[in-house]
Protein chains: 2
Amino acid sequence: MTAEVAGLSRLERRKAETRAEIIDAAFTCFAEQGYHATGIADIAARLGIGHGTFYRYFENKRDIVEHVVDDLIGRIVEALGADNAPDAVSTLEDYRAQTERIGTVLARIFDEDPRMAQLLVSAIGIDDAMRDRMLELFEATTPITGAYLAHGVRLGYLRADLDVEATAFAINGMILGSLLAALRDPSPERQARLSAGIRAVMYDGIAAR
Amino acid sequence: MTAEVAGLSRLERRKAETRAEIIDAAFTCFAEQGYHATGIADIAARLGIGHGTFYRYFENKRDIVEHVVDDLIGRIVEALGADNAPDAVSTLEDYRAQTERIGTVLARIFDEDPRMAQLLVSAIGIDDAMRDRMLELFEATTPITGAYLAHGVRLGYLRADLDVEATAFAINGMILGSLLAALRDPSPERQARLSAGIRAVMYDGIAAR
DNA sequence: GAAGAAACGGAATGGAATGTCAGTTTCGGA
DNA sequence: TCCGAAACTGACATTCCATTCCGTTTCTTC
């Protein structure tokens with residue numbers, strides 16, 4: 001019997017590798033041309049494999065886009081999760097610094113690979129189910145931001161009368177806006193400026209003092 | 001010669017009417033099923049006309065969606081334009097009231113006809129050109145909000161150090177967020193709460209005083 | 001009310017994209 | 001080296017739609 005690592009034969013490892021390659025190629029195609037304009041043949045051609053082979057790895061077009069999106073969301077969550085937890089902060093200054101850090105991470109993610117933002121946005125138009133999924137993803141970010149806010153209210157460095165959910169929504173809306181802006185002008189300078197603008201609104205409001 | 005009103009024969013008026021009916025039917029179909037899932041036959045069937053007839057009024061599928069989107073944007077701009085101009089405001093209280101008014105108008109537009117929001121969102125997925133157009137539409141709102149802000153800075157009731165463009169972007173991001181929220185839960189209560197949350201962030205910031 | 005013009009409708013066409021399958025190649029094991 | 005199994009391939013059948021086309025109906029005008 002040949003050597004096996006983690007219970008996977010060489011063949012199985014090769015298959016997993018091809019699978020990942022297909023996901024990656026599909027990711028690129030979908031991001032570049034959009035879901036509907038991409039054919040299975042395009043994805044296969046990019047890898048130099050016959051498009052029949054595609055069907056040995058994925059059920060159909062819908063199946064692959066599902067995996068591509070999962071993969072993408074996983075990567076984003078991982079990149080953000082590397083940051084601190086909500087309760088690692090105890091003063092307004094800490095929080096402000098953390099907001100800035102998160103903004104920087106987000107900007108870098110989408111700056112390094114603009115296809116990510118493009119895919120996320122164009123995924124909205126795939127079909128009803130995927131649109132709902134994207135909206136759910138957006139809504140799912142509310143409790144996360146909300147957790148930071150609730151923590152701050154509890155410790156007293158954020159306003160006691162904050163409507164945590166509504167505020168979390170508003171903040172995430174601003175972030176979404178800057179993500180959309182990045183689609184059209186991804187320059188880090190612009191991102192930094194928008195990010196600073198968001199923080200200014202958050203911490204100081206817009207009214208004169 | 002028969003009577004003509006405004007230079008239009010009866011026939012011409014009838015044609016214009018049919019055209020408008022087609023735009024309306026297409027609007028409904030696109031909003032309900034999405035662009036790609038809608039066939040020309042669906043649009044024609046909704047009006048009880050043969051789908052060959054469609055092509056007597058519009059070049060092709062792309063042509064109709066263009067008109068549908070134009071029509072939609074026109075209606076939104078009109079509804080908002082009914083409100084006051086940026087320089088009709090001179091105090092923070094005025095401005096706050098106007099913000100609230102605008103929020104209410106927006107909420108009502110999308111509450112009365114949720115298809116509007118659905119179409120705007122799903123238009124993103126039609127193709128590259130339409131996605132760009134939607135992003136442009138979003139960006140085009142920045143100078144409008146910016147004009148209000150600049151006016152307020154000039155009159156001194158908004159912070160002198162405001163980065164007008166970045167702030168306008170942030171505010172519009174929050175509005176976009178609540179629009180997306182409306183897609184999943186269009187209840188007026190929720191909208192009102194989010195709208196209030198946005199105003200709270202804008203005017204008071206989130207930090208404790 | 002007749003004739004010509006314009007509008008209508010839906011069967012037919014063309015093309016594109018998906019998914020299948022039978023023949024071919026590759027690969028691991030003995 | 002050889003064998004059998006598994007993977008690969010791309011031509012093909014199928015489906016689905018946008019668009020066209022022409023025979024039929026409706027309208028206008030005299």
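Letters A, B, ... are given to chains in the order of the sequence lines, protein chains preceding strands, and every chain is numbered from 1. It should be emphasised that the depicted structure is a prediction, and the values quoted were computed from it without experimental measurement.
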Shortest non-hydrogen contact between B/Ala168 and B/Gly146, atoms and distance = CB-N, 3.7 Å
Rounded distance in Å - CZ (A/Arg13) to C1' (C/dG28) = 14 Å
Please determine if B/Lys61 forms a cation-pi arrangement with B/Phe54, meaning its NZ or CZ atom is less than 6.0 Å from the six-membered ring centre and no more than 45° off the ring axis.
-> no
Got a sec, which pairs hit ring pair (Phe, Tyr, Trp, His ring centres under 6.0 Å) with one end in residues 100-147 of chain B, sequence neighbours left out?
-> B/Phe138-B/Phe169
Tell me: CZ of B/Phe54 to C1' of D/dA18, nearest whole Å?
-> 10 Å
Value rounded to 0.5 Å, distance of CZ in B/Arg133 from CD1 in B/Ile73 = 5.0 Å
Using the side-chain hydrogen bond (donor to acceptor under 3.5 Å, both in side chains) rule, collect all pairs that involve residues 117-131 of chain A, keeping only residues at least two apart or in two chains.
-> A/Arg62-A/Asp127
Under 3.5 Å, which donor-acceptor pairs link side chains of residues 20-33 of chain B to any protein atom two or more places apart or in another chain?
from	atom 1	to	atom 2	distance (Å)
B/Thr28	OG1	B/Asp24	O	3.1
B/Thr28	OG1	B/Arg115	NH1	2.6
B/Glu32	OE1	B/Arg46	NH2	3.2

Members of residues 56-64 of chain B that approach DNA chain D, where some heavy atom sits under 4.0 Å away | B/Asn60, B/Lys61
Euclidean distance, atom NE2 of residue A/His51 to atom P of D/dC12 [Å, nearest integer] | 12 Å
Looking at residues 118-134 of chain B, who's got a heavy atom less than 4.0 Å off DNA chain D?
-> none
Check DNA chain D against residues 24-50 of chain B and give the residues with a non-hydrogen atom under 4.0 Å, in numerical order.
-> B/Thr38, B/Gly39, B/Ile40
Check: B/Thr167 side chain, B/Asp163 main-chain N or O, donor-acceptor pair, under 3.5 Å = yes
Looking only at heavy atoms, which two atoms of A/Gln191 and A/Ala182 are closest? And how far apart?
-> NE2-CB, 3.3 Å
From OH of A/Tyr55 across to C1' of D/dA11 the rounded distance in Å is 15 Å
According to a strict under-4.0 Å criterion, is B/Thr53 in side-chain N/O contact with OP1 or OP2 of C/dA7?
-> no
For A/Asp111 and A/Pro186, which heavy atoms make the closest approach, and how far apart are they?
-> OD1-O, 3.6 Å
For A/Glu136, does the CD atom have more than 12 heavy-atom neighbours from other residues, nucleotides or ligands under 6.0 Å away?
-> yes
Using distance alone, with no hydrogens and no angle criterion, decide if B/Arg108 and B/Thr104 have a side-chain donor and acceptor under 3.5 Å apart.
-> no
